[in-house]
Structure formats: structure tokens, C-alpha cells
J.: 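The structure that follows is given in the form of C-alpha cells.
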Amino acid sequence: MRVLKAFLVAMALGISFSGQASTLISIDVDTPGPIINKNIYGQFAEHLGRLFYEGLWVGNDSNIPNTKGWRNDAIDALNLLKVPVVRWPGGCFADEYHWRNGIGPQAQRPVTVNTLWGGVEESNAVGTHEFFDLIELLGAEAYVNGNLGSGTPQEMSRWLEYMTSESQSELAQLRRKNGRDEPYRVHHLGIGNESWGCGGHMSPEYYTNLFKQWSTMLRPPWGVPTKMVASGGHGYGDVIDDSGVTQWTDYLTANIKPNFLLGFDAVSFHYYTHPKGSVFEARGAATQFSQQEWMSTLVATLKMDEYIAANKTVMDKNDPDKKIGLYIDEWGTWYDPAPGSNPAFLYQQNTLRDAVVAALNFNIFHRYADRVQMTNIAQMVNVLQAMILTDDDQMVLTPTYHTYKMFVPFQQAVSLPISLSETEQYQLGDDSIPAISASAARGTDGKIYIALVNTNPHKMLPVTVVLPGIAVHGVAGEILTADAMDAHNTFDAPYAVTPKPYSASAKGGELILEIPAKAVLVVAVE
Ligand code: AHR
């Protein structure tokens with residue numbers, strides 16, 4: 001009743017504000033929802049292009065200041081994001097990776113070929129021990145993706161033993177000989193990647209049988225939980241086929257019944273945003289795009305909602321107790337490669353549009369916090385929708401980085417139901433999307449946080465916020481916006497897009513926030 005009354009009052013307030021209809025947001029603090037798993041803010045790091053070599057890993061002997069070979073500037077920046085989990089070594093690379101190439105003295109490791117990502121040499125300087133150094137420098141969980149496509153269950157189980165065993169076994173002793181006494185902790189173990197595509201072009205039926213075999217043979221140490229992740233479907237529907245969205249999730253969750261020998265904890269799902277809807281041909285430029293491409297990018301991004309909803313429907317049917325998590329372990333914008341760059345390296349600039357894409361996705365992930373237990377943006381540095389771009393010793397933080405930083409309070413926060421009404425639409429041609437996207441949660445510090453996005457690139461929008469039962473004095477936080485849709489940070493102008501302080505006071509019991517055009521806002525309620 002209290003909620004309904006407050007909402008009706010808010011309706012009246014909103015419609016009367018400045019003569020312009022205001023979006024009305026009501027946050028129900030009395031009926032908290034599920035916890036937003038911190039791993040929703042996870043990262044993906046593949047052996048691809050300049051992600052590791054130069055972007056993150058420079059080696060102990062580099063002039064670039066580093067710790068155990070990992071560049072300090074990047075690690076310091078990433079630590080401010082509280083990166084909760086890193087997925088490695090791929091991606092498609094995972095299904096051609098053989099772990100034995102990446103252990104022992106670096107100078108003696110074999111040089112191999114990264115066959116998918118440009119046919120370039122892979123020095124294997126970043127291997128198991130180096131990855132876990134990174135994990136420890138970031139204080140993150142390890143998500144190791146195993147090689148199902150060209151490996152064997154024995155190879156994978158021996159790798160798991162090498163990483164995790166505290167016994168005196170030959171493999172545990174080899175790990176010690178290579179410099180690590182204590183076992184490493186593998187929190188999440190992926191069995192293959194995109195097995196419908198680069199991981200082997202399998203059918204869900206064939207893969208499901210392999211998963212059962214592999215998962216049965218992969219035995220983490222007793223009492224050390226390791227989540228087994230099945231390679232699932234995709235939202236590449238427009239260009240591959242439209243069966244990928246739920247067919248894999250449905251088949252896997254209906255046919256794998258986990259038991260004490262067969263671990264099955266999560267199913268993955270991949271979806272990339274392409275302004276032009278095509279993964280294989282022209283995808284659209286990362287900068288200097290039209291308003292039409294701003295719109296098509298956001299339309300494509302919002303499909304994430306329908307894809308998760310569809311997966312949730314089949315998972316709720318097959319797994320009503322919600323024991324299986326949905327891991328969106330690859331997502332983000334994928335544009336045409338930057339002019340002059342190696343097209344196989346997937347290097348692209350990152351603009352305010354990417355910040356808006358990230359925030360829209362976060363609000364979607366929060367909405368499905370009961371099922372979405374992890375997401376990993378593709379990818380951490382210098383690849384696709386990156387947090388960080390580097391050029392030799394230079395480094396710049398992208399608008400996407402800043403969005404991740406602004407959303408840190410949502411990690412492990414308790415989601416709060418939120419209702420939007422009178423929502424204005426942002427329209428262009430035949431396309432129309434909600435102009436305002438929002439989510440709310442109670443952070444681990446007890447404060448209520450609200451995340452808001454204005455998708456309209458030209459219009460400031462007022463938003464009326466009510467929290468029934470709470471006397472709100474105002475809000476304070478940060479806003480990310482800029483004059484141009486493609487505003488971005490460069491090595492010469494690294495602060496073109498950076499968050500600015502934002503605050504607003506309630507007046508006469510009303511809290512009305514003015515959200516500038518094309519902006520991301522995260523505030524705490526005071
Ligand atoms: O992130 C780039 C690639 O996209 C990954 O290697 C693959 O899994 C996906 O198709």
C-alpha cells in the first residue's frame with residue numbers, strides 16, 4: 001500500500017515537472033532481490049593481438065616498470081576496478097592451447113603459432129605460473145578454459161592436477177620445481193569454448209556427451225570446489241543461425257544431471273554487439289559513426305535482455321532450483337579493426353558509446369541476478385571493448401574502464417526491484433528504445449546505489465526518483481558524458497571522457513535528477 005501510494009504521488013510529480021514528462025522511477029527497498037554476484041564484473045583475457053604481449057605482459061627485463069613481468073601501470077589501474085575474475089587463455093585460443101608449452105624456464109618454452117589470431121608466433125612466455133601471478137596481483141578468481149577442441153581429457157586432468165594438487169605427485173612436484181610450492185586455486189573450469197564454432201563445430205548432443213565424459217574425469221582436489229562450465233550457445237543468430245540462443249542451454253541443462261562425480265555448475269553464453277549486425281563482414285567503425293549507428297549499436301545491445309530472458313526460461317524449466325549459473329563469458333562491442341592495425345588483432349578505439357553499452361548491459365545483468373552468475377567483457381586490454389589501450393610504454397583508460405569503476409559498488413550488492421513508468425522513448429527512423437535505463441541495489445556498505453543511462457544522444461532528460469519509506473535528502477556520485485557520441489581518450493588527450501562529480505538535492509520531498517544526453521550516472525542515495 002505504501003509503495004502504491006508513493007508511486008501514485010510520484011506519477012503526479014513526474015508529469016508536472018517543468019511541463020516535460022519525467023521518467024518515474026520507484027525503488028522498492030522493502031523487498032530485496034538476489035545478490036548481484038561480483039563476478040558479473042569479470043574480465044576476459046585471451047592470447048590475442050596485443051592483449052598480453054605489450055598490453056599487460058612486458059617481461060621481467062622490460063624498461064616498463066613491472067611486477068613479475070606484469071606492467072605496473074595496467075595492474076594499478078585494474079586493481080581500482082576490483083576485477084573479481086579473469087577468464088584465460090581463450091576464447092578460440094583455448095581450444096588450441098597445450099599447457100605444457102607454457103611451463104618451465106621461459107627461454108626454453110617452445111614457440112608455437114597462434115593459428116586463428118593472425119598466425120603469429122606465440123612465445124608462451126605467459127603460461128600457467130604467469131597467469132596465476134596476474135590473478136594474485138589482481139586478487140581475482142581464476143577461470144581457466146580447457147582445451148576440448150584439440151586436447152584430451154587426460155591432458156586437461158593432468159593440467160588440473162599440476163595446478164591444484166598439494167600431493168607429492170610427479171606433476172605437483174614439477175610445479176614446485178617450476179617455482180610454486182602451494183597449489184593454485186582454480187575457481188572455474190571451462191570445458192571447451194564455442195564448441196558450436198571455433199571449438200569444433202559440434203552439435204549440442206555430441207558436445208553434451210563429451211562434457212559428461214570430461215567433467216567426470218576432471219577431479220579437483222577433495223574439498224576444493226571448482227565450478228565446471230559447459231560451453232553453451234550464442235547470440236550470433238543473425239549471421240550464423242538462430243538456434244544458438246537457447247538450443248544449447250536447453251539441451252545441456254535438460255540432459256546433464258550433476259552428481260558427485262559429474263560436476264556441472266554453469267553454462268556459458270556469448271553475445272557481441274555489432275552496429276551493422278554482422279560478425280563476418282562490415283561491422284561498423286569504432287569512431288566517426290553516424291547517429292544511425294549509435295542507435296543500431298544500442299538496439300543490438302538491448303538484445304542481451306531478450307537473450308538472457310530466453311535462456312532463463314529454459315533454465316528455470318530444467319533447473320528450477322537454480323543450481324546452474326548462466327555465465328555470459330564473452331560480450332562487448334566488436335567493430336571494424338582500427339585503420340592500419342592488424343585485422344586479426346581486433347584492436348579498436350573505445351568511445352562514450354562503449355560506456356553506454358557497458359552500462360546498459362550492467363543494468364540488464366542486475367535484472368537477471370538470480371541466474372547470471374558471471375560475465376566477462378571481451379577483452380581486458382587492447383582487444384575489442386577494452387578497459388585499457390596501450391602503445392609501448394603509454395597507456396590510456398577507456399570510457400568502458402570508467403564505467404566499470406563507477407559500477408564497483410554493485411559488486412555483491414543486493415539488487416532492489418525498480419519500476420519505471422512514463423519512460424520516454426529515444427526514436428530514430430523506425431527504431432525506438434527506452435531513453436532511460438536504470439537499476440538499483442543496496443551495496444555492501446549499506447548505501448542504496450542507483451545506476452542510470454540516458455541513451456538519447458541529444459536530449460537531457462529529467463528523472464523523478466521515489467523510494468517509498470525512505471526520507472531522501474539527495475544523491476551524490478559520478479556522471480560520465482561528453483559532447484560527442486564518439487568522444488574518446490587518446491594518449492595525447494587521456495582525460496577527454498572521465499567521470500565528473502554529480503549531486504542533486506531533494507526539494508520539498510521530490511528527488512528529480514537531470515540526466516544529460518548520452519550519459520551514464522551512478523549515485524548513492526543520501
Ligand atoms: O573474443 C574474440 C573471440 O570471439 C573469441 O576467441 C571467441 O570465443 C569469440 O568468437
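Both counts, for ligands and for their atoms, begin at 1 and track the order of listing.
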J.: For ligand 1, would you mind listing the residues that have at least one heavy atom less than 4.0 Å away, ordered by chain and number?
T.: Phe44, Glu46, Gly91, Cys92, Trp117, Asn193, Glu194, Tyr236, Tyr272, Glu330, Trp334, Gln379, Leu384
J.: Would you please indicate yes or no on a ring centroid separation below 6.0 angstrom for Trp331 and Phe365?
T.: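 Yes: the rings meet the under 6.0 Å criterion.
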J.: Cationic tip of Arg180 within the cone over Phe132's six-membered ring, i.e. under 6.0 Å and within 45° of the normal?
T.: no
J.: Quick check: Phe264 with Phe211 (ring centres under 6.0 Å apart)?
T.: yes
J.: Do Asn363 and Ser439 have side-chain N/O donor and acceptor atoms under 3.5 Å apart?
T.: yes
J.: Do Asp329 and His270 have side-chain N/O donor and acceptor atoms under 3.5 Å apart?
T.: yes
J.: Mind checking side chain to side chain contact (heavy atoms under 4.5 Å, CB included) for Val396 and listing every partner two or more places apart, or none if nothing turns up?
T.: Leu389, Asn489, Phe491, Pro494
